[in-house]
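Working notes, structure below.
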Amino acid sequence: MKFAAEYRDGTIGRAIARRLHDVVDTDRHYKLMEICGGHTHTIYKYGIASLLPANVELVHGPGCPVCVIPMGRVADAIAIARRPGVILTCFGDLLRVPGSEGTLLDAKAAGADVRVVYSPLDALRIARENPDAEVVFFAIGFETTAPSTALTLLRARAEATANFSCFCNHVTIGPPLRALLDSPEVSLDGFVGPGHVATVVGSGPFEFIPAEHGKGVVIAGFEPIDVLQAVLMLLEQLRSGRCEVEIQYVRAVTPAGNPRALAAMDTVFATRPQFEWRGLGFIPDSALRLADEFADFDAELRFDMPGVRIDDPKACQCGEVLRGSIKPWECKVFGTACTPERPIGTCMVAAEGACAAYFNYGRLAAGARQPEVVG
Amino acid sequence: MSAGGEQAALERIERARKRPRAFRETSITTAHGAGGKATHELIERLLVPALGAGEQLAALADAAVVDVSGASVAMTTDSFVVRPLRFPGGSIGELAVNGTVNDLAMVGAAPLALTLSLVLEEGLDSEVLRQEIAAAGAAARAAGIEIVAGDTKVVGRGAADGMYICTAGIGIVDARAALSPAGARPGDRLLVSGPIAEHGIAVMLARGEFELGAAVSSDTCSLWPAVAALLDACHSGLRSLRDPTRGGLASALNELAAASGTAIVVHEQLVPLAPAVGGACELLGIDPMYVACEGRLLAIVAADEADAALAALRTVSGCEQAAEIGAVEADPAGMVLVQTAFGSRRVLDMLVGDPLPRIC
């Protein structure tokens, strides 16, 4: 694909890898966090870790939209889906997230009308085509997907689509990063920042990281060359004693972000005072609900649902994985009781989940990885 | 966090994965029909044990080989439930014939005769039926196989999706063929007969659920000419053949690696992929390695016969873009690896779940 192939070029990748070896201080260890699950996926898919100097470690962050959905919200979605006359629409990964009583896929097999969509506008189209059904969009994601939900709701209001509503679970990236940086167990040297989120929010929401915590951030794209270059930029910041937010993903991100998308979000959403994150607990001001003007489209007001908090399964260590404090393979149930076929935790469900990425791509004895020697 | 700890964790996982388990699902989901891990679990843990299967069924080849008075007869059965019934490059009638012929071809059998059973939904447009039977007849003539028997059932509206087709096929195994899913040996080479993922993407786009305008046609065709060319070009070096249908190239190669106890390494940048198909996969977030083909084969060939096999394949109409895409190694046994453009390697596991709608 044009404009993707050049960012997957092995020759360029190996050239950047050689630069990395020139820039590192061999007497110290570097621990960098990639915030976004999309980066985690790229890192495992292309074996990026094997190109890095041995003392540069990448740890996975909390930025996987499916991973952070708490079990109680999945149970609520299943309760909506089971109502007669309801068509529940959602992104494909959500089908396999376990709630307390199975998954949406189980509910579908038992007769619920659950449909996969690639965009919330498809959900609105389904509502127009099925005027006798109640069509609910199970909305998840960071600022990356929130604007398309907002635009869909604006259109639903303009068209007065009465049988459409949204079960809103959108979250924002700043608050969990704050919570992470405030927690004592995490010691990081810098962040690979989330490129897609930044196309919407710009670099502003990340400025507190250098300003208040003295750590550098490089906002990166999602191809392997992007990630390698971002790591190089972070290491160069560290070597020269700089600490700032830089943008590697200049082909898509500007410091100001996308004002139109932000305005749509502002119109449609309001901040929730508290929201539960799977494995991370309640984080203040970290999620969005529909604004009062859009109450007619709010599935939480339209339908009765259990609305209860459900504890994560005892064996599940998704929280520690999401904070970067353990590697996927260090979880007690990783790969044995918890697999992509039968996930216990959300990190094993989504393609962007650290556990799924490691299981699908990285599950190889060290000798079999055979990276080409760089240096 | 030591490498030793990671190694121990990986060994524990591999032990857990190799342990046979009972089929525990309370109901059948679409994943059981997707050709990946769930399909295998259903077959290996429920169907085969319940049938008290002998060697033939347990081998899970594309077709069984039965001795009929000294002749090696290949026998297979297949069913087709694709929606929509017609899609760019093919339709259910054509697919039913080619799919059955290809199952026979993968055990080295020249197709001989075919049966066709129809399950029709009340209200199906007769013209649609007429077109599909014409398509099946044309495909049978093109493949040199005769349709010799059939059956027709009609079910009430809503009990089927337009029409379903079930087939059985027999063929005569070529005397030169010594093919087995377990045939791969370290040092062998891996060939593919053309660009991958075209059928699955063509059907998915034809459903009109994604507003993508890419022009992608199904690759459905008979693979017997390609197999015949390989048999002509190779001596004893043609080890295994698979047509990567549901579950795609990744799932087919995992079956071969597991059966032979070898590692199969695929070089990512050597796998032929049409730009429109690659672009559609990119936009839909689907890995083309898991998308079905209906007119491609994977061949594992001894190293000293690989060049001749590839040259022979490329002379067959529709196989001009055949390519050598990887090789067989000893370790890690039973696994498929992808070598990336960066020189790193990753696991390419069997399909999990069901990323695609009904496509065959």
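Chain letters run A, B, ... following the sequence lines, proteins first and then strands; every chain starts at 1.
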If one checks every heavy atom of B:Glu41 against chain A at 4.5 Å, the contacting part turns out to be side chain
Margin query: For A:Lys31, is there an ion pair with A:Asp189 - N to carboxylate O distance below 4.0 angstrom?
Written below: no
When the 4.5 angstrom heavy-atom criterion is applied to A:Phe334 and chain B, the contacting part is both
Ionic contact status for A:Glu223 with A:Lys45, cut-off 4.0 Å:
no
Original post:
Quick one: do A:Glu341 and A:Arg96 make a salt bridge, cutoff under 4.0 Å?
Top reply: no
Honestly, the part of A:Leu121 sitting under 4.5 Å from a heavy atom of chain B is neither
If one checks every heavy atom of B:Glu11 against chain A at 4.5 Å, the contacting part turns out to be neither
Okay, B:Ala9 and chain A: the region with an atom under 4.5 Å from a heavy atom over there is side chain
Scored by heavy-atom pairs under 4.5 Å with chain A, the best of B:Leu284, B:Asp349, B:Asp287 is B:Leu284
Okay, A:Lys108 and chain B: the region with an atom under 4.5 Å from a heavy atom over there is side chain
Side chain to side chain donor-acceptor pair (under 3.5 Å) filter on B:Arg185, not counting sequence neighbours, yields none
Side chain to side chain donor-acceptor pair (under 3.5 Å) filter on B:Arg242, not counting sequence neighbours, yields B:Asp62, B:Glu255
- Query: Could B:Glu6 and A:Lys327 be called an ion pair, given the rule that one side-chain N must be under 4.0 Å from one carboxylate O?
  - Reply: no
